[in-house]
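Below: the structure, in structure tokens.
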Amino acid sequence: SQTIHQWPATLVQPVGSPLSLECTVEGTSNPNLYWYRQAAGRGLQLLFYSIGIGQISSEVPQNLSASRPQDRQFILSSKKLLLSDSGFYLCAWSREGLASDTQYFGPGTRLTVL
Amino acid sequence: GQNIDQPTEMTATEGAIVQINCTYQTSGFNGLFWYQQHAGEAPTFLSYNVLDGLEEKGRFSSFLSRSKGYSYLLLKELQMKDSASYLCARGSQGNLIFGKGTKLSVKP
């Protein structure tokens with residue numbers, strides 16, 4: 001069966017510090033991978049998605065970036081965090097292919113920027 | 001959520017039935033999904049509709065009308081553990097577009 005991991009679970013960072021969140025998927029090959037952010041009182045906002053190694057599409061221009069160095073690894077980064085970057089960051093995967101398909105979420109990382 | 005509307009909050013009684021409605025923009029539609037999200041946790045997949053009609057899965061059912069851009073999630077025999085947010089999402093161009101969710105509170 002497929003599993004998705006995220007770490008860390010919680011993170012408190014000062015404004016201006018760098019960020020690296022990691023997501024890995026097990027039990028499947030060539031998954032589509034996604035990064036979402038969920039701010040308090042708001043819906044899920046798609047940040048990045050990837051259909052393959054090195055292929056990243058950005059949905060919202062901001063001070064975040066994503067990378068996919070391996071087939072089942074997806075990393076979310078920032079060079080300098082802003083207060084507005086606080087939120088619940090969720091990684092998700094779906095089966096390979098271009099059609100909209102069921103997405104399965106990791107446990108999430110709760111980020112607080114102070 | 002982009003072009004997806006669902007009520008912000010609902011309250012229901014334990015043992016009752018509740019229907020959570022969702023309307024969406026029909027252009028580029030590629031499936032309708034429902035997720036459950038307990039406070040502080042990640043969303044979990046509940047149901048998927050791509051054709052018109054009702055899909056039943058235990059106490060949960062989901063309905064879709066593509067021509068009306070309308071779906072609902074029906075929860076029967078409500079339990080306290082059903083208190084959560086319910087997210088409606090539509091497939092579009094390979095991705096999912098999520099609504100802001102409906103927070104359901106189940107009272108004894």
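Within every chain, numbering begins at 1; the chains are lettered A, B, ... in the order of the sequence lines, protein sequences first and strands thereafter.
The hydrophobic cluster containing A/V25 also contains A/Y89, counting ILVMFWY residues as joined when their side-chain heavy atoms lie under 4.5 angstrom apart, directly or transitively. A/V15 and A/L81 fall within the same hydrophobic cluster, where Ile, Leu, Val, Met, Phe, Trp and Tyr residues are linked whenever their side-chain heavy atoms come under 4.5 Å apart, directly or through other members. No continuous path of hydrophobic side-chain contacts links B/I17 to B/F60 [ILVMFWY only; heavy atoms under 4.5 Å]. Connection of B/L32 to B/L46 is established within a shared hydrophobic cluster, with ILVMFWY side chains joined at heavy-atom distances below 4.5 Å, either directly or through further cluster members. Transitive grouping of hydrophobic side chains (ILVMFWY, heavy atoms separated by less than 4.5 Å) keeps A/L76 and A/V12 in distinct clusters.
B/Q37 and A/F88 make their closest contact through NE2-CE2, 4.1 Å (heavy atoms, listed as atom of the first residue, atom of the second, distance). Closest non-hydrogen pair, B/L96 versus A/Y36, comes out as O-OH, 3.9 Å. A/G106 and B/A42 make their closest contact through O-CB, 2.9 Å (heavy atoms, listed as atom of the first residue, atom of the second, distance).
In this structure, the side chain of B/Y48 does not engage the main chain of A/D101 through any donor-acceptor pair within 3.5 Å.
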Give the C-alpha distance, both sets of side-chain angles, the deciding distance and a yes or no for side-chain contact (heavy atoms from CB on, under 4.5 Å) between B/Y35 and A/F105.
CA-CA 10 Å; B/Y35 285 79; A/F105 289 86; 3.7 Å; yes
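Rounded to the nearest 0.5 Å, atoms OG1 (B/T44) and OH (A/Y104) are 11.0 Å apart. A/Q45 contributes atom CD, which lies 12.5 Å from atom CD1 of B/I97 (distance to the nearest 0.5 angstrom).
Heavy atoms of A/Q38 lying under 4.5 Å from chain B belong exclusively to its side chain.
Shown here is B/E77, whose CD atom has no more than 12 heavy atoms of other residues, nucleotides or ligands within 6.0 Å.
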